[in-house]
Structures are given as C-alpha cells and as structure tokens.
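Within every chain, numbering begins at 1; the chains are lettered A, B, ... in the order of the sequence lines, protein sequences first and strands thereafter.
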There are 2 protein chains.
Amino acid sequence: MPQGTPHSVPTSADVARLAGVSRATVSYVLNNTSAVRISEPTRRRVHAAAKELGYVPHAAARSLRAGHSRMVLMPTPQIAVGPLFSAFFNELQWALSRFDYTVVQYGSLGLTGEEAARAWAELRPVAVLAPDATALGARGVAVLKRSGAKAVFTLGPQRAEGAHALLMDQRLVGRAAAEHLLARGRRRIGVVVPEEPGLEVFSRPRLDGVRAAVRGVAAGEVTELPLAYTEDSAAHLTDRWSALGLDAVFAYNDDYAMLLTRALQDRGVAVPEDTAVVGADDLMLARLLRPRLSSVRIELPSGRGLAELVDRVVREPGGRPEVHDVLGASVVHRESS
Amino acid sequence: MPQGTPHSVPTSADVARLAGVSRATVSYVLNNTSAVRISEPTRRRVHAAAKELGYVPHAAARSLRAGHSRMVLMPTPQIAVGPLFSAFFNELQWALSRFDYTVVQYGSLGLTGEEAARAWAELRPVAVLAPDATALGARGVAVLKRSGAKAVFTLGPQRAEGAHALLMDQRLVGRAAAEHLLARGRRRIGVVVPEEPGLEVFSRPRLDGVRAAVRGVAAGEVTELPLAYTEDSAAHLTDRWSALGLDAVFAYNDDYAMLLTRALQDRGVAVPEDTAVVGADDLMLARLLRPRLSSVRIELPSGRGLAELVDRVVREPGGRPEVHDVLGASVVHRESS
DNA sequence: TTGAAAGCGCTACCAG
DNA sequence: CTGGTAGCGCTTTCAA
C-alpha cells in the first residue's frame with residue numbers, strides 16, 4: 001500500500017487522483033459508458049490505478065445515486081426445506097443472475113409479516129420473491145410496493161393480496177396420491193400430517209387434496225394421522241394399527257414414508273399387501289427402500305422461465321397481479337402400492 | 001395516498017414536511033437518538049406522519065452516511081448442503097441477528113475467488129463468513145479487507161490465508177470411522193469417494209483421515225471407492241465386490257451408505273457379517289435402515305458462540321487470524337458394524 | 001475528450 | 001429543544 005492513508009477504503013476519487021483524471025472520467029471508464037468516448041491511454045491509466053488501489057465500487061452509493069437497484073430479495077423460508085425446493089431455489093437464483101440481478105437471501109427470523117416486510121424494504125430491492133405468503137400478507141406487500149419494489153411474488157402454497165403468485169398448489173400432490181390409491185382399489189386412506197410446526201401450509205392442502213379426491217367414492221374414507229418425525233411417534237401411531245382399519249397411507253413425503261414404513265414392518269404389517277404406502281418428492285430414498293416406495297413426483301417450473309417472468313414484471317410494473325399455477329404432480333408407481 | 005406525488009417512495013423529508021418539522025428532527029425521533037431530547041408532542045407527530053406515509057428508511061443511504069453497515073454476508077455454498085449444515089447455518093444466522101447484524105446470503109454463482117470477493121465487497125459488509133475457502137483464497141480475503149470488511153471468516157474444511165477460520169477438519173470424521181472399524185477387528189477398509197463435483201473438499205480429507213488411522217496397523221489396507229449417487233454406479237461398484245476383499249466400508253455419509261448398503265444386500269453381501277458399513281451425519285435415516293446404520297455423529301459448534309466470536313472480531317479487528325477447530329466426530333455404533 | 005458540480009437519502013455536527 | 005447544513009461515494013448532466 002504505497003499511497004495515501006493506509007487503512008481507508010479506496011474511492012473513485014482516489015482512483016481519479018492516482019490516474020490524474022477527474023472522478024467523472026473514472027466513472028466513464030469503469031462503467032464502459034458508451035455515450036462518451038475516452039482515449040485509450042486514459043482508459044489504461046484509470047484501469048491501472050483502480051487495480052493498484054484494489055478499488056471496488058460502493059454498491060450502496062451507486063444505487064442511491066441511480067435511484068434503483070437490481071437486487072432481488074428472496075427471504076429464506078422459515079422451515080427447513082427439502083432438496084427438491086433447494087434445487088429449484090438455486091436454479092432460479094442462477095437464472096436471475098443471468099438477467100443481471102443480484103440475488104440476495106435474507107433471513108427474517110421471527111418477524112411477523114409487516115415487520116419483516118419493513119426490514120426487507122429497507123434494502124430497497126427491485127423485486128421480492130417470498131417463499132412464504134403467510135410471512136407477508138397484504139399489508140406486507142403494500143409496504144414493499146411503497147418502498148419501490150417493482151415486483152412482489154409469492155412462491156409457495158399460498159398467495160398474498162396484491163402480489164403476483166407462483167402458486168404451488170399442494171392439493172394436487174394429495175390428489176395425485178389419492179387417485180393412484182383409489183385406482184388400485186384402496187378405499188380407507190390414512191394421511192400423515194407432520195406435527196412439526198410450520199409444515200401445516202404444506203400438509204393441510206395435501207390432506208385436503210386427498211379428501212377432495214376421495215369424496216364421492218363409495219366406501220372411501222380419509223383418516224388424519226398426526227406423526228412427529230421420531231421413532232417414538234411412529235411406534236405410537238402403529239401401536240394399534242389394525243384397529244385403524246386402513247388399507248393405504250399417503251405419508252406426506254418420502255422421509256415420513258420411510259419412518260412409517262419402517263414402523264409398520266417392525267409391527268409385522270405387510271407393505272403393500274396389508275397397507276399401501278405412498279410418499280412424495282420422489283427422492284433417491286424412494287428407490288432404495290424395500291419395497292420400493294411409490295412416490296408423488298413434484299414438478300417445479302424452470303428457473304429460467306420464472307426469471308423471465310420476474311424480469312418482465314420488473315420492466316413493466318403496475319399490471320394486475322398474475323397467478324401462475326406452477327406445480328405438477330404425478331405418481332411414480334413402484335412396489336409399495 | 002392523500003399527499004404528494006402518488007408514485008414516489010416517501011423519504012424522511014416527506015415525513016418532515018408532513019409533520020411540520022425538519023429532517024433532522026425526524027431522524028432524531030425515528031432513531032431514538034439519546035443525545036438529544038425531543039418533546040413528546042413532536043415525537044408523536046413524527047411517528048404519525050411516518051406511519052401515514054408508510055415511511056421506511058433507506059438502508060443504503062444510512063450506511064453510506066454512517067460509513068459502515070452491520071451487514072454480515074454469508075455466501076451460499078456452491079454445493080448442495082445437508083440438513084446438518086443447514087441447521088447450523090440457520091442457528092448461526094439467528095444468533096448473529098441477536099447481535100443486531102443483518103445477515104444476508106449471497107449466491108455468487110460460478111465466480112472465481114477474486115471475482116466473487118469483489119462482488120461481495122461491493123456490498124461493503126462488515127463481516128464475511130465464507131463456507132468455502134477455495135472460493136475465496138488469499139487474494140479474495142485481501143479484496144474484502146480492503147473494502148472495509150472488519151472480519152473475514154472461512155467456515156469449512158479449508159482455510160484461507162489472512163482470514164480467521166472456523167476449521168471443520170473432515171479428517172476427524174474419517175479417523176473416527178476408521179478407528180471404530182479397526183477396534184472391531186476390521187482391517188481392509190473401503191472408503192467411498194463421491195464422484196459428484198464439489199464434494200472433494202469433504203471427501204478427500206475424510207479419506208485422508210481413514211488413511212492416517214489405518215497407517216501402521218498390521219494388515220491394515222485402504223481402498224478408494226469412487227461412487228456416483230446413482231443406483232447404476234452402486235451396482236457397478238458392487239459387481240465384483242468379493243474381488244475387492246473388503247471387510248468394511250466407510251461410506252462418506254449416510255446417504256451414500258444407504259445407497260451402497262442396498263446394492264450390497266441386493267448382491268447377497270451380508271452387512272455387517274461380510275462387510276461392515278459406517279455412514280456419517282447420523283441422520284434419522286441411519287436409525288431407520290436395517291441393519292441400523294452405524295454413523296459418525298458430527299458436532300458443530302453453537303451458533304451463539306460463533307456469533308460472539310464474530311462480534312468480538314468486528315469490534316476489535318486487526319488481530320492475527322485465529323483458527324478455531326470446531327468439529328467433533330464420534331461414532332454412534334449400531335448394527336451395521 | 002475531460003472536468004466541475006449537483007444531488008440521491010440520510011445522520012451528525014453546530015447554531016439558534 | 002429544533003433547524004440548517006455538510007457530506008458519505010457515486011453517476012450524469014452541462015460546460016469547457
């Protein structure tokens with residue numbers, strides 16, 4: 001560090017001084033401003049100076065001046081999220097970065113809808129993609145829009161008033177499972193409902209989807225099966241299994257399906273002969289279990305397409321909130337059903 | 001929206017105007033500045049005006065003025081990360097927010113060390129916690145420090161020159177597994193090395209740990225077993241299993257252990273009689289497999305403690321880089337070994 | 001082709 | 001107790 005005060009962060013003024021030009025010129029050069037032509041020697045001097053100082057532009061100052069940022073804020077979901085959604089998340093993030101957005105995940109831990117929205121709004125993101133509509137609400141959406149957010153999306157099982165929605169209707173998952181089981185002659189269907197808090201937004205609609213599919217089917221019956229993700233809970237649930245009189249179970253997802261299947265087998269209940277089991281997410285897990293686990297494959301949309309959608313809304317804001325149904329569900333039939 | 005231009009974001013000046021006070025007063029009131037006493041009626045007017053306008057302060061402007069932010073930047077790891085590390089991550093994030101830091105995850109997709117560091121540095125975080133030292137390097141650390149970051153930590157299996165390190169020495173995992181197997185009389189130990197890119201930073205040191213533990217043991221031998229996370233790959237690996245002459249396998253983690261165990265069982269290889277298997281991470285999965293899977297339980301430090309550490313370094317920067325060894329590994333013995 | 005200067009929203013001095 | 005105002009780092013007219 002040959003120059004200047006040792007422990008201060010270099011600014012564009014420092015670069016200008018070192019290169020012997022004005023701050024304006026530095027800005028032109030470093031941003032490749034096409035409206036203005038800078039001589040090659042000057043460019044080189046500026047670049048050299050910037051490199052020597054280790055100059056990094058100050059994003060806050062830049063977006064303050066510009067009046068807008070290209071930050072897309074994705075609040076991290078409160079609940080632990082599986083590999084499926086993680087992969088989707090990553091793909092979306094990558095796709096958005098292709099559109100030159102800066103994607104930032106922000107954990108708003110334990111803040112209620114409007115408070116959380118205010119915290120996010122302080123960053124003045126150009127778009128917000130909230131995985132949990134409940135942690136937002138109409139009020140939250142309003143706060144974000146007032147703070148200049150051009151696009152507010154919810155992506156998940158619920159929507160929020162005023163926001164665009166990438167709706168992942170979990171009822172379809174339950175329906176697919178139920179229709180599969182019904183088609184295979186099963187009638188008395190148990191539905192695992194995880195007791196872990198925060199999962200209701202997924203488990204409730206999945207249960208509802210099963211109910212809807214079974215409704216009207218002769219002798220069809222749906223039984224809710226609360227289950228915590230522990231061996232004890234599974235043991236307890238299966239203690240008096242035959243008394244429940246179920247011939248099939250939709251187990252919420254593959255992990256719970258494994259837990260339940262194991263407990264059933266330990267009790268001598270034959271899968272699928274006595275009780276069919278269907279999971280969801282179609283993880284590798286499902287293929288490795290014995291019997292191989294039938295599972296609802298969930299199809300999420302391509303990150304690329306969603307990034308385009310977000311970009312479009314950012315460029316042309318003000319349209320009415322759009323609701324896109326973006327969940328596909330189909331059963332992969334294996335041995336457990 | 002009764003006032004002003006309809007579609008512009010309210011600023012503190014707008015609040016001041018509406019409340020009939022100066023911008024300074026607004027700032028004092030909203031920040032509860034203790035050095036200055038504002039009359040109660042004025043406070044109320046300001047708060048009312050802020051609420052009516054839906055005013056949200058502009059974080060960029062604030063930190064520009066203040067000359068520093070309280071943003072802790074955590075680049076998201078390139079590779080998919082298991083539930084164990086995710087939980088640790090969340091806890092750390094929560095603990096940092098208790099210290100009034102704003103934690104932000106930033107996905108720097110496909111950028112090399114120094115480029116990534118520059119992208120992060122643009123946000124002028126007060127601290128950076130990088131889960132992947134390789135995606136940083138000494139140069140990256142330097143860039144961040146020059147941009148004003150008070151604390152740069154790596155947290156993971158590697159460290160970077162100039163940065164503090166929360167070192168998670170994966171060799172301990174391999175060593176724990178190997179010592180367990182050796183103690184149970186196994187000598188010819190296979191070690192699964194995932195073929196998925198990006199996992200080398202974990203799998204290599206785990207393998208090294210096994211090698212180190214076996215070194216010097218009579219008749220001890222270590223065989224590297226490349227394995228992709230597919231059934232095909234597992235089938236291929238186990239095709240001529242007996243020819244490998246292994247009496248034990250450390251399977252990298254529980255997921256790979258399940259994959260391998262299944263393939264072995266399908267081949268008629270008895271676990272643990274013919275071949276013992278040990279996983280890692282001690283997931284619920286391990287307890288549900290049959291035979292129940294022995295697994296290396298990995299202990300990560302408390303988020304609380306780490307948050308304190310980060311906070312200390314932020315407040316007193318300039319100290320020599322500290323290296324904290326923060327990984328505990330111990331085998332949970334079950335039936336597979 | 002380059003420079004001077006205004007101003008983005010905010011906070012912290014210093015006057016009144 | 002409150003207001004005026006400078007200035008954080010940057011971009012972008014407008015002049016030279």
Pairing residues for A/R65 by the side chain to side chain contact (heavy atoms under 4.5 Å, CB included) criterion, not counting sequence neighbours
none
Would you give me the side-chain donor-acceptor pairs under 3.5 Å for residues 27-40 of chain A, sequence neighbours excluded?
| residue | atom | partner | partner atom | Å |
| --- | --- | --- | --- | --- |
| A/S27 | OG | A/N31 | ND2 | 3.3 |
| A/N31 | ND2 | A/S27 | O | 3.0 |
| A/N32 | OD1 | A/R43 | NH2 | 2.9 |
| A/S39 | OG | A/T42 | OG1 | 2.7 |

Contacts satisfying salt bridge (charged side-chain N to carboxylate O under 4.0 Å, His left out) that involve residues 16-31 of chain B (not counting sequence neighbours) are B/D14-B/R17
Quick one: list whatever passes side chain to side chain contact (heavy atoms under 4.5 Å, CB included) with A/L64, sequence neighbours left out.
B/H58, B/A61, B/L64
Restricting to side chain to side chain contact (heavy atoms under 4.5 Å, CB included), what partner residues turn up for A/P75, sequence neighbours left out?
A/L73, A/W120, A/V128, A/A130, A/P131
Partner set under salt bridge (charged side-chain N to carboxylate O under 4.0 Å, His left out) for B/E114, not counting sequence neighbours:
B/R139
Salt bridge (charged side-chain N to carboxylate O under 4.0 Å, His left out) with A/E308: which residues, sequence neighbours excluded?
A/R304
Stem ranges of DNA chain D by first residue number, counting only runs of at least 3 Watson-Crick or G-U pairs under 3.5 Å, come to C:1-16 with D:1-16
First contact, last contact: which nucleotides of DNA chain C are these for chain B, 5' to 3', heavy-atom distance under 4.0 Å?
C/dG9 to C/dC13
Residues in side chain to side chain contact (heavy atoms under 4.5 Å, CB included) contact with B/S86, at least two apart in sequence or another chain
B/V81
Residues in side-chain hydrogen bond (donor to acceptor under 3.5 Å, both in side chains) with A/H324, at least two apart?
A/E322
Expected string for nucleotides 8-16 of chain D under the B/S/- scheme (protein heavy atoms, under 4.0 Å, primed atoms plus P, OP1, OP2 as sugar-phosphate) is BBBBBB---
